[in-house]
Amino acid sequence: MSLSSSLPDAGDRFGVVTRTIHWLTALLIFAAFPLGLIAHEMAEKLDQVAAQDQAALVARTATLFSVHKTLGVAVVFVSIFRIAWGLSQRRPGLIKGDHRPEALAAETVHYMLYSLLILVPVSGWVHHAATAGFAPILWPFGQGLPFIHQSETLASVTTALHWIFAWSLAGVLALHIGGALKHHVIDRDATLRRMWRGDSAVPSPRQPGHAAPMATATLLLALIAALGVSLTPTKPGATAGQAPTLAAAGGEWQVTDGRLSIEVTQFGNQVEGSFADWVAEITYDPDAPAGPAGQVIVQISVPSLTLGSVTNQALGADFLAAEEHPTAIFDAQLIKQADGSHIAEGTLSLRDQQMPLSFPFELEIDAEGTAHASASFELDRRDYGVGANMPDEKTVAFAVATSWELTAERP
């Protein structure tokens with residue numbers, strides 16, 4: 001038999017291409033699955049190790065997660081090619097297709113296996129694209145997905161789906177492997193040898209068909225997906241939503257809208273987040289001459305921070321220590337420059353550390369008397385003892401990009 005004739009499938013055997021794809025998929029799955037479990041267990045232990053060992057553990061955990069995700073992406077493309085190739089081939093029938101209950105079960109398992117080989121990595125990929133965090137996919141094509149925006153809700157749902165699909169795949173694989181061994185050891189037929197060595201074996205004249213196994217697999221997958229959705233946490237993130245609510249601020253100006261955001265760089269990737277709860281007490285005289293024109297006191301509920309998949313780590317004792325120091329305060333004078341620009345000059349109290357902080361900000365008051373202000377500046381996390389156990393910028397960069405914008409009105 002020539003190589004060209006052995007590449008495609010035939011009615012009584014699997015060709016080289018199908019067998020190569022089959023065992024490549026098996027290799028990827030049996031590598032990705034334990035890597036994911038080990039990385040998850042390591043992530044759970046991050047808060048339990050000594051501070052001097054945490055940076056190294058974070059780096060190892062991120063590496064394992066990155067390899068796990070990259071293998072998952074590879075499974076997606078290999079599985080798509082496998083399905084496309086299978087549709088173009090004359091797939092060999094079951095050797096014992098006339099044993100109807102067993103044949104229906106075998107075909108149902110095959111349909112579930114093909115589906116889960118797509119659903120497991122895709123659900124993980126969507127979660128990766130929907131949330132910001134460490135452990136990038138190791139490829140040069142970006143970390144996002146078309147039409148998938150960062151969303152804590154979507155990330156939470158896809159996390160639950162990825163978990164339930166992954167364990168369902170483990171169960172289906174166990175059935176698939178058990179069936180193959182049963183054929184090889186008990187029935188002593190060529191089912192396993194057809195996929196291992198490409199042996200020829202004539203299938204039985206009667207086959208179970210596709211409609212019943214496909215319908216059964218679809219129903220089972222729908223039930224599994226529904227169970228996964230039902231297991232989704234009611235609030236995304238372990239700490240978001242548990243933050244204390246700050247009392248409303250006084251002042252001459254009342255903030256009607258605004259956003260306080262930060263961006264950190266972890267393992268070379270930007271992770272964006274924001275504080276859900278903060279209040280500002282503002283006094284400002286638009287007609288004041290150059291010099292001090294007002295004051296602002298901003299109180300920030302540190303536990304209200306969401307920072308993608310690294311929220312819990314950011315709020316932990318080695319970083320923002322949100323439980324011990326739940327409030328950050330920026331107290332500053334608003335200084336009007338001779339050219340009409342503005343500077344906020346004061347101190348930022350964070351993690352029981354107080355450091356001077358000064359930055360320019362944009363201010364515009366429209367004809368209705370509504371003020372629109374915004375600013376962008378950088379903080380050095382080391383000034384506040386944030387992540388002191390991670391002195392290497394390859395893990396977490398020192399600079400934290402900070403920005404805010406607000407709309408305020410006089411009552």
Side-chain angles (χ1 to χ4, degrees), residues 1-33 75 78-121 164-225:
M1 181 183 297
S2 67
L3 176 61
S4 60
S5 63
S6 67
L7 290 177
D9 297 343
D12 59 348
R13 60 174 177 78
F14 291 104
V16 172
V17 174
T18 296
R19 288 185 284 122
T20 301
I21 296 171
H22 178 277
W23 295 110
L24 175 59
T25 303
L27 178 63
L28 291 171
I29 290 297
F30 285 111
F33 198 91
V75 170
V78 171
S79 298
I80 291 174
F81 179 75
R82 175 179 183 165
I83 293 171
W85 175 260
L87 292 174
S88 70
Q89 299 298 298
R90 182 186 175 191
R91 183 172 179 267
L94 300 176
I95 294 175
K96 292 192 173 183
D98 51 347
H99 294 196
R100 187 164 178 77
E102 182 180 340
L104 285 172
E107 290 296 88
T108 299
V109 166
H110 276 123
Y111 277 112
M112 292 191 69
L113 183 59
Y114 292 143
S115 300
L116 288 168
L117 285 174
I118 297 291
L119 291 172
V120 172
I164 196 77
F165 286 151
W167 284 108
S168 298
L169 176 60
V172 169
L173 280 173
L175 292 173
H176 180 67
I177 294 170
L181 292 176
K182 182 258 185 188
H183 279 283
H184 188 71
V185 176
I186 299 176
D187 298 338
R188 297 184 179 278
D189 61 35
T191 297
L192 180 59
R193 295 195 300 274
R194 282 200 308 186
M195 186 56 75
W196 180 248
R197 300 186 311 202
D199 286 6
S200 174
V202 178
S204 63
R206 186 180 179 185
Q207 295 293 317
H210 299 287
M214 185 181 295
T216 304
T218 301
L219 176 60
L220 290 173
L221 289 170
L223 292 174
I224 291 169

Student: Do the non-hydrogen side-chain atoms of Val75 and Ile118 ever get within less than 4.5 Å of each other?
Tutor: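 Heavy-atom side-chain distance check fails, nothing below 4.5 Å.
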Student: On a heavy-atom basis, which atom in Ala190 and which in Ala201 lie closest, and how many Å separate them?
Tutor: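 So the minimum-distance heavy-atom pair works out to CB-CB, 3.7 Å.
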Student: Does the side chain of Leu117 reach to within under 4.5 Å of the side chain of Ile29, using non-hydrogen atoms?
Tutor: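 A side-chain contact under 4.5 Å exists here.
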Student: How close do Met195 and Thr18 get, heavy atom to heavy atom, and via which atoms?
Tutor: CE-CG2, 4.3 Å
Student: Only pairs under 3.5 Å count here: list side-chain donor-acceptor contacts from residues 210-225, not counting sequence neighbours, and write none if there are none.
Tutor:
residue: His210; atom: ND1; partner: Tyr111; partner atom: OH; Å: 2.7
residue: Thr216; atom: OG1; partner: Ala212; partner atom: O; Å: 2.9
residue: Thr218; atom: OG1; partner: Met214; partner atom: O; Å: 2.8

Student: Can you find a pair of side-chain heavy atoms, one from Met112 and one from Leu175, that are under 4.5 Å apart?
Tutor: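 Contact flag for Met112/Leu175 side chains = no.
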Student: For the OG atom of Ser200 and the CZ atom of Arg193, what is their distance to the nearest 0.5 Å?
Tutor: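 Here the rounded value is 11.0 Å.
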Student: Would you name the heavy atoms of Ala103 and Gly97 that are closest together and state the gap between them?
Tutor: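 Ala103 and Gly97 have their closest heavy atoms at CB-O, 3.6 Å.
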Student: Taking C-beta and beyond as the side chain, do His183 and Asp189 meet within less than 4.5 Å on heavy atoms?
Tutor: yes
Student: What is the minimum heavy-atom distance between Arg13 and Asp199, and which atoms define it?
Tutor: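 So the minimum-distance heavy-atom pair works out to CB-O, 3.6 Å.
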Student: Rounded to the nearest 0.5 Å, how far apart are CG of Leu7 and CH2 of Trp85?
Tutor: 6.5 Å
Student: Could you check Phe33 against Trp167 for side-chain contact (heavy atoms from CB on, under 4.5 Å), going step by step and ending with a plain yes or no?
Tutor: CA-CA 10 Å; Phe33 198 91; Trp167 284 108; 4.0 Å; yes
Student: Check whether any side-chain heavy atom of Gln207 lies under 4.5 Å from a side-chain heavy atom of Glu107, and answer yes or no.
Tutor: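 Gln207 vs Glu107: side chains apart.
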Student: So, for Asp9 and Gln89, which heavy atoms are closest and what is the spacing to 0.1 Å?
Tutor: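 Here Asp9 and Gln89 meet closest at N-OE1, 2.8 Å.
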Student: Do other residues, nucleotides or ligands put more than 12 heavy atoms under 6.0 Å from Arg91 CZ?
Tutor: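 Atom CZ in Arg91 is crowded, with more than 12 foreign heavy atoms closer than 6.0 Å.
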Student: Could you check if a side-chain atom of Asp187 sits within less than 4.5 angstrom of a side-chain atom of Lys96, using non-hydrogen atoms only?
Tutor: yes
Student: Considering non-hydrogen atoms only, spot the tightest contact between Phe81 and Val17 and give its length.
Tutor: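 For Phe81 and Val17, the tightest heavy-atom pair comes out as CE2-CG1, 4.2 Å.
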Student: Could you tell me the separation between the CD1 atom of Ile164 and the CG atom of Leu119, rounded to the nearest 0.5 Å?
Tutor: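 Rounded to the nearest 0.5 Å, the CD1-CG separation comes to 12.5 Å.
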Student: Measuring from Arg19:CZ to Arg197:CZ, what's the distance to the nearest 0.5 Å?
Tutor: 10.5 Å
Student: Atom CG in Leu94, atom CZ in Arg206: separation rounded to 0.5 Å?
Tutor: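 Leu94 CG to Arg206 CZ: 12.5 Å, rounded to 0.5 Å.
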